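Just so it is clear, the structure is predicted and the values come from calculations on it, not from any experiment. All ligand and atom numbering here is 1-based and tracks the order in the structure.
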Amino acid sequence: MQTPVLIINEKNYLEVSGDRALKLAKAAEAVAGELGVAVAVAPPLPSLGLVAGAISIPVLAQHTDAANPGSSTGAIVPELVKSLGAIGSLVNHSEKRVPFDVLKQTVIRLKEVGLVSVVCAKSPEEVSRIAAVRPDFIAIEPPELIGSGIAVSKAKPEVVSDSVEAVRQVDSNVRVICGAGIVTGEDVDAALKLGSVGVLVASGIVKASDWRAKITELAELLKR
Ligand code: G3P
C-alpha cells in the first residue's frame, strides 16, 4: 500500500449497508484517480467481496482471524480474504480488540498469505509493544476520540509523535498512521506533519452529505 494514504473505514454504518458500501468505495476510487493519491477502503465485512471485486484501489478487511482454511465456521480466514481481492486487513481495531497473542498470530498469518497488516493501538505504549510484532502499519487511535469529530492530530498531537518515535526505536520499517476524530483537511495536514504516513477515517466521511467532496477535501492533503 502506497503512502501517504487515506484509509476509509466504512465500519458498519447503515449509510454503507448493501451496495452503498460500493458506492462510497467508487467515490474513493474516483478521487484517488483524479488527484493521483493513495486511498484505500475497508468496507463492512459482508460487502468485502462486492467491493474488492469492483474497484482498483486497495481494499482492506476490517478484521481477520488467525484461523485456517477448512473447518473454521464463522471465522474470517486470511486465504479467503485474499481470494476476494483484498490486499490486507485491519487488526485489533478498538471496536474489535483481540488478545496480544492473537494479534501476533494474526500478523504472522497475514504475512504468510501476502496480506498487509494494519494493526490498531490505543496508546504509544501499546504501539511500542505492537511494533515488536512487525506489522506493516500501526494505526494509533485513542479510543476516546473515535467518532468525536475532535482530531487526534490536533487534540493529542503528542500521542501521534510519541507513537512515531516509539516505532522508530523498534523498527523504522513499520509505518505509523493515525486516526480518531479526523474530519477536515487541516486534521490530515496536522497528522502528516507529526510524522504519520496516513490517516484512518470513518464517520467524517461516511456521515458526510457528499462523500466525494469530503474525500477530496481530505485526500488533497496527500498530494506531494
Ligand atoms: O478506524 C477509524 C476510526 O476508528 C476512526 O473513526 O469516526 O473517528 O473517524 P472516526
Side-chain angles (χ1 to χ4, degrees), residues 1 3-17 20-21 24-25 27-28 31 38-45 47-48 51 57-64 76 86-98 103 106 116-124 126-127 130 135-157 159-160 163 175-192 194 196-211 213-219 221-222:
M1 194 160 60
T3 56
V5 63
L6 163 62
I7 303 177
I8 304 171
N9 179 5
E10 298 187 3
K11 300 197 175 179
N12 285 319
Y13 288 112
L14 287 175
E15 285 86 342
V16 292
S17 60
R20 292 185 60 78
L24 194 156
V31 173
V39 183
V41 287
L45 275 165
S47 304
L48 186 65
V51 172
I57 59 172
V59 176
L60 301 165
Q62 291 181 8
H63 169 80
T64 298
I76 314 290
I87 62 108
S89 181
L90 303 181
V91 179
N92 197 45
H93 189 278
S94 265
E95 294 149 12
K96 191 70 180 169
R97 299 266 297 173
V98 294
L103 179 160
T106 308
V116 172
S117 48
V118 181
V119 180
C120 300
K122 57 182 181 182
S123 65
E126 205 174 75
V127 165
I130 293 171
D136 297 293
F137 291 87
I138 297 180
I140 173 72
E141 296 202 321
E144 66 280 10
L145 294 178
I146 292 178
S148 69
I150 301 167
V152 59
S153 51
K154 295 218 292 223
K156 296 201 168 172
V159 168
V160 181
S163 297
R175 288 164 288 172
V176 176
I177 64 173
C178 67
I182 291 181
V183 290
T184 68
E186 250 183 51
D187 301 339
V188 176
D189 191 38
L192 298 179
L194 291 165
S196 170
V197 299
V199 288
L200 185 50
V201 181
S203 53
I205 293 173
V206 176
K207 301 264 177 196
S209 54
D210 183 337
W211 286 339
K214 182 48 83 175
I215 297 168
T216 303
E217 177 192 338
L218 304 189
L221 277 300
L222 304 178

Show the distances, to 0.1 Å, for all pairs joining an N/O atom of ligand 1 and a protein N/O atom that are shorter than 3.5 Å, listing one pair per line.
unit_1	atom_1	unit_2	atom_2	d
ligand 1	1 (O)	Asn9	ND2	3.0
ligand 1	1 (O)	His93	NE2	2.8
ligand 1	1 (O)	Glu141	OE2	3.3
ligand 1	4 (O)	Lys11	NZ	3.0
ligand 1	4 (O)	His93	NE2	2.8
ligand 1	4 (O)	Glu141	OE1	3.0
ligand 1	4 (O)	Glu141	OE2	3.4
ligand 1	6 (O)	Lys11	NZ	3.3
ligand 1	7 (O)	Ser203	N	2.9
ligand 1	7 (O)	Ser203	OG	2.5
ligand 1	8 (O)	Gly147	N	2.7
ligand 1	8 (O)	Gly181	N	2.8
ligand 1	9 (O)	Ala202	N	2.8

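Here Lys96 pairs with nothing under the salt bridge (Lys or Arg N to Asp or Glu O under 4.0 Å) rule; sequence neighbours left out. For the side chain to side chain contact (heavy atoms under 4.5 Å, CB included) test, residues two or more places apart in sequence or in another chain that qualify with Glu217 are Thr184, Lys214.
The nearest pair of heavy atoms linking Cys178 to Ala191 is SG-CB, 3.5 Å.
Among pairs with a residue in residues 201-211, those fulfilling side-chain hydrogen bond (donor to acceptor under 3.5 Å, both in side chains) read Glu15-Lys207, at least two apart in sequence or across chains.
No more than 12 heavy atoms of other residues, nucleotides or ligands lie within 6.0 Å of CD in Glu186, so this atom counts as exposed by the packing criterion.
Thr64 contributes no side-chain N or O that, together with a main-chain N or O of Ile76, makes up a donor-acceptor pair within less than 3.5 Å.
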